[in-house]
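Keep in mind that what you see is a predicted model, and the values were worked out from it rather than measured. A, B, ... follow the sequence lines: proteins, then strands. Residue 1 opens every chain. Reckoned from all heavy atoms, side chains included, excluding hydrogens, waters and symmetry mates.
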Amino acid sequence: MKNTETKIKRPLVVVAVLTLCVLLVSAVSCNKSTEEPSLTPYSLVIPDGFPKMKIPTDNEPYVERIALGRKLYYDAILSNNGMSCSSCHLQNLGFTINSSSGMPVLPHINMGWKDKFMWDGREQGTLEDVMLFEVEQFFGTDIAKLNAHSQYPTLFSQAYGIDNIKSKDVAKALAQFFRVLISSDSKFDKVQRNEAQFTNDELQGFMIFNSEKGSCTHCHVPPFFADNGLHNIGLDSDFSDPANQGYFHESGDSAHLGQMRTPTLRNVSLRARYMHDGRFSSLEDVINQYNTGVQRTPYLDPIMIKSNNTVNLNLTPLEVSQLAAFLRTLTDSTFIKNPNFSKP
Amino acid sequence: MKKYLKFLALIFVFSTACEKEEEAPVVSPSSSLDLAFEHIIDSDSLQFDNTFYTNAAGNEYRVTFLKYIISGVELYTDGKRMFRQNTDPTVISARYVDSRMAPIPNAPLGTYDSIAFSMGVVPEYNYDNAFELSYNDLGMYWPTSLGGGYHFMRFEGHWRDGAVTGGYAFHIGQNENLITIGFPVNLTITKENKSQLTFLMNLNEWFDNPHFYDLTVESGYTMGDTIKMNMLVENGHNVFSLKN
């Protein structure tokens, strides 16, 4: 009897389920058409040799969202002191600034792949996460100003279908612009694509960079010329100054003393000061630090200790200049002049 | 000795199977198998950064970095190779709990009595950009100027022995240094359940068996040092065991 009942009821159940599905789909579609804005899809082009970029499903790239992020990037409305992101991140310098004091500003290049941010790596997560930190903590953005603005409520409504702007929405829009700041057209890139050739010095420098002689590539890994990692490279032997303590700040673990995030070397020659405290003012000074100045402490990254148990590279002056010549090929003139990245 | 005999027997089984070049029978449909890896120092679980362990030479060492790649997983029944992995190699990052698994998504349903895998990248994948690495794993590329491809392993840290201190960076790469190992298993892959095998990597074995590796005598930096790398490769055949 039970079986008969089941047989009779099954078609009815199927019809009911199908009807429910149709109704549900219609409801979702209707909801979408009233709440979701009509957006222009943006196809993010990932250069050859770069890994896939992870993009949160709730913040897919669209032209309108990128434009909104770009507008915000250049707008001092984010802060309460007249500063915008672009005040310290100048496009012609590869989105950094050559200040004469303080901690050098890290460049905004190829950020879409990163999940560790700041010199000491204390901010970790998605671009949306770090942008939320920038909005809420770094700038202390007054969201009421954005909601009262003559343009932003409309722009956010168009881009995200929202009526009331919140910090997380600003973070999402900024993340959209950061994801398109892709640098992949330096002379190095052109050589890789057989569109240009290194000079002899640049080629020798490239060989030093990649070989055990320079051992640069263990941390400054192409194509980003960084590894998203944290390392103590032997700058200091005394870590009493909190500015030199690195990731120890975040972890509290003495093993992390002096560990700083590997900065990208793309556009490195545009910078005027190097290292987390700007102690060096030329590429040659930086190379000479690795050449003769590495401090051996219990916290020194093991990768800095060579097979003969030395910690210095001992490059000749010619090799230093050749390595510097190679590093200058990492300047991306297309990127620093791209009109799509400039102030709208 | 028993360990060696078991190992040699397995290698014989695997090499005989390869020589025959018998086509594996069609086994379908495919299911999934996960190889999980745990990292120990003899009886202790690995703790990164601040915990010092003692190796066979009496050197105390701590671990700051351990990543390696698993590829070329093969399943055998009665000496016949029934399956060979044809998906991308997997980077195992010992520091993170969610990066200690090598998924083999297309392992066919069936019962197998032995398994082999390579620690490193099998030659068909060991060239520049053969498979994609995440930003966090970019350091696993092997420099193009040194032949390209991938690091098979990066095992790094610091050591101390009395007043003497130093660092070590055990890096292995290049095709001739691939470490392929096999284990007898009692493995049944069914449609209903995902199968998992867990392997242990005993870090002390890198310093001991068959080559005694005293960090006060041998350099701990192996990039570009064929002799040291060979010592590690031979020791590497003894670092894994199947967890019961």
Hey, is [atom1] on [X] packed in by over 12 heavy atoms from elsewhere, all under 6.0 Å?
X: Q124(A); atom1: CD; answer: yes
X: L318(A); atom1: CG; answer: yes
X: M118(A); atom1: CE; answer: yes
X: K213(A); atom1: NZ; answer: no

Next on the checklist: Under the side-chain hydrogen bond (donor to acceptor under 3.5 Å, both in side chains) definition, can you give me all pairs with a residue in residues 49-59 of chain A, not counting sequence neighbours?
Outcome noted: N59(A)-E128(A), N59(A)-Y160(A), N59(A)-Q176(A)
Pull out the residues in [range] that come under 4.5 Å of chain A, heavy atom to heavy atom, sorted by number.
range: residues 159-169 of chain B; answer: T165(B), G166(B), G167(B), Y168(B), A169(B)
range: residues 60-67 of chain B; answer: R62(B), T64(B)
range: residues 36-58 of chain B; answer: D49(B), N50(B)

Item to check | Closest heavy-atom pair and its distance - E132(B), F50(A) | outcome: OE1-O, 4.2 Å
Item to check | Closest non-hydrogen atom pair, F224(A) against L138(B) | outcome: CD1-CD1, 3.2 Å
Checklist entry - In Å, rounded to the nearest 0.5 Å, how long is the span from CG of N210(A) to OG1 of T144(B)? => result 6.0 Å
Item to check | Atom pair CZ/CD1 of R154(B) and I303(A) - distance to nearest 0.5 Å | outcome: 5.0 Å
Next on the checklist: At a heavy-atom distance under 4.5 Å, which candidate from G229(A), G49(A), A226(A) has the highest pair count against chain B?
Outcome noted: A226(A)
Item to check | Whether H218(A) and H171(B) hold their rings parallel, tilted or perpendicular, with breakpoints at 30° and 60° | outcome: perpendicular
With heavy-atom distances below 4.5 Å as the criterion, would you say the side chains of [X] and [Y] are in contact?
X: P302(A); Y: H158(B); value: yes
X: L146(B); Y: E212(A); value: yes
X: S215(A); Y: Y221(B); value: yes

Next on the checklist: Under 4.5 Å from any heavy atom of chain B, what part of D48(A) do you find: side chain, backbone, both or neither?
Outcome noted: neither
Checklist entry - Which region of H256(A), side chain (C-beta onward) or backbone (N, CA, C, O), has a non-hydrogen atom less than 4.5 Å from a non-hydrogen atom of chain B, or is it both or neither? => result side chain
